[in-house]
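Okay, so here's the structure we're looking at.
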Amino acid sequence: MTGPSRAAAAPPAGEVIVDWYATAARDLPWRTPGVDPWAVLVSEVMLQQTPVARVEPVWRSWMARWPAPADLAAAPPAEVIRAWGKLGYPRRALRLREAAAAIAERHGGVVPDDVAALEALPGIGAYTARAVACFGYGQRQPVVDTNVRRVVARLVHGRAEAGNARATDLADIAALAPEDDARAVRFSVAVMELGALVCIAGTPRCAACPVRDRCAWRLAGYPAHDGPRRRVQQFAGTDRQVRGRLLDVLRAADAPVTAAALATTWDDAVQRSRCLDSLLTDGLVEQTADGLFRLPTGDVDQVT
DNA sequence: GAGGCGTGGCT
DNA sequence: TAGCCAAGCCT
């Protein structure tokens, strides 16, 4: 059928999402055109499980202090842990420093541009490797994070929530990407942004969604999630809370502290000891020759 | 492959 | 209020 009553075919969802991004994207410093891939890598590691608002100020000071991988690799671990501040999961800070050392030593100080080499770096997994290749090097890459999996689950599969990561995730998102390479690169960040700002986990803002007219979940009447509830992580009383308190004391201390000082953080001595041991094992804490505790100095004559 | 691993804002 | 949730990685 032809004629003016027939609307032109709607543009593909991927194209619509790229155009939406041009008008709706947040202005984030690591998205500055021409930004150094190292700066992108640092941002991506900081953003693992951590909100943008908390990352931004830390990222700024971090990049000013350690603008290149070799700078970070040369820094004492204690300073790196302190600079990480309260971003959480501080093992990420140590792994980022280790990744910086690997880049400096094995890659001539240049962040590798291929996914396999990136994934071989400490703390860099499937998501972060592709994010660096795509956002840092402008490569056409499918980039799948929790936002992308949620958008695909709703828009394509008509499900309220994404299940666990699947082998088909990369193909799912690649199928939506625009043909033009430059637009496909923007699409990768645009889908994440859509998931972060509009197609959010709690109450999705469908009225603001550029592809609501073709969303399978919306067209199916918003069927509820039918799988098992994702169990929410406990925090109060866990080792994670205790480790956090121990590290909080050590970050604030300007000299090695006694075991007695650490004992004020948590009453249960068994749990406290277990957590201190795990921090020593992780390399987040070291013990001095006289039995005191501090953040790791990186000195070669340290006693552990 | 399920569970461990921080922290704090939001509803 | 008390979960829920946030650009994952590693074992």
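Here the structure is a predicted model, which is why all the values come from computation and not from measurement. Letters A, B, ... are given to chains in the order of the sequence lines, protein chains preceding strands, and every chain is numbered from 1. As a basis for the values below, the full set of heavy atoms in this structure was taken, side chains included, without hydrogen atoms, waters or symmetry mates.
Checking C:dC10 for Watson-Crick or G-U wobble geometry (two distances, each under 3.5 Å) identifies B:dG3 as its partner. With a 3.5 Å ceiling on both atom-pair distances, the Watson-Crick or G-U wobble partner of C:dC5 is B:dG8.
Of the two residues near DNA chain C, A:T128 and A:T50, the one whose nearest nucleotide lies more 5' is A:T50. Residues A:P90 and A:N164 each lie close to DNA chain B; by heavy-atom proximity, the contact nearer the 5' end of the strand is made by A:N164. For the pair A:S278 and A:K86, nearest-nucleotide mapping onto DNA chain B gives the more 5' position to A:S278. Ranked by how close their nearest DNA chain C nucleotide is to the 5' end, A:V52 and A:Q234 are led by A:Q234.
Of the P atoms belonging to B:dG9 and C:dC9, the separation is 25 Å, rounded to the nearest Å. For the P atoms, the distance linking C:dC10 with B:dG8 amounts to 24 Å, nearest Å. Distance noted for atom C1' between B:dG6 and C:dA6: 12 Å (whole Å). One C1' atom belongs to C:dA7, the other to B:dA2, and the distance between them is 22 Å to the nearest Å.
Salt-bridge check for A:K86 with A:D248: passed, with a basic side-chain N closer than 4.0 Å to an acidic carboxylate O. Between A:D145 and A:R130, no side-chain nitrogen of the basic residue sits less than 4.0 Å from a carboxylate oxygen of the acidic one, so the salt-bridge criterion is not met. A salt bridge between A:D71 and A:R65 is absent, with no side-chain N of the basic residue lying under 4.0 Å from a carboxylate O of the acidic one. Between A:R243 and A:D282, at least one side-chain N (NZ, or NE/NH1/NH2) sits under 4.0 Å from a carboxylate O, which counts as a salt bridge.
Heavy-atom contacts of chain A under 4.0 Å fall on DNA chain B between two terminal nucleotides, which in 5' to 3' order are B:dG4 to B:dG8. The outermost nucleotides of DNA chain C lying under 4.0 Å from heavy atoms of chain A, listed 5' to 3', are C:dC4 to C:dC10.
Cluster annotation: A:W84 is not connected to A:L284 through the hydrophobic network of ILVMFWY side chains, with a link wherever side-chain heavy atoms come within less than 4.5 Å.
Atom-to-atom distance recorded for A:M192:CE and A:Y21:OH is 9.0 Å, nearest 0.5 angstrom. Here A:R95 contributes atom CZ and A:R97 contributes atom CZ; the two are 14.5 Å apart, rounded to the nearest 0.5 Å. The CZ atom of A:F293 lies 11.0 Å from the CD atom of A:E286; values are rounded to the nearest 0.5 Å.
A:V257 pairs with exactly one of A:T288, A:L292, A:L250 by the side-chain contact (heavy atoms from CB on, under 4.5 Å) rule, that one being A:L250.
Glycosidic conformation at C:dA6 (O4'-C1'-N9-C4 for purines, O4'-C1'-N1-C2 for pyrimidines): anti, more than 90° from 0.
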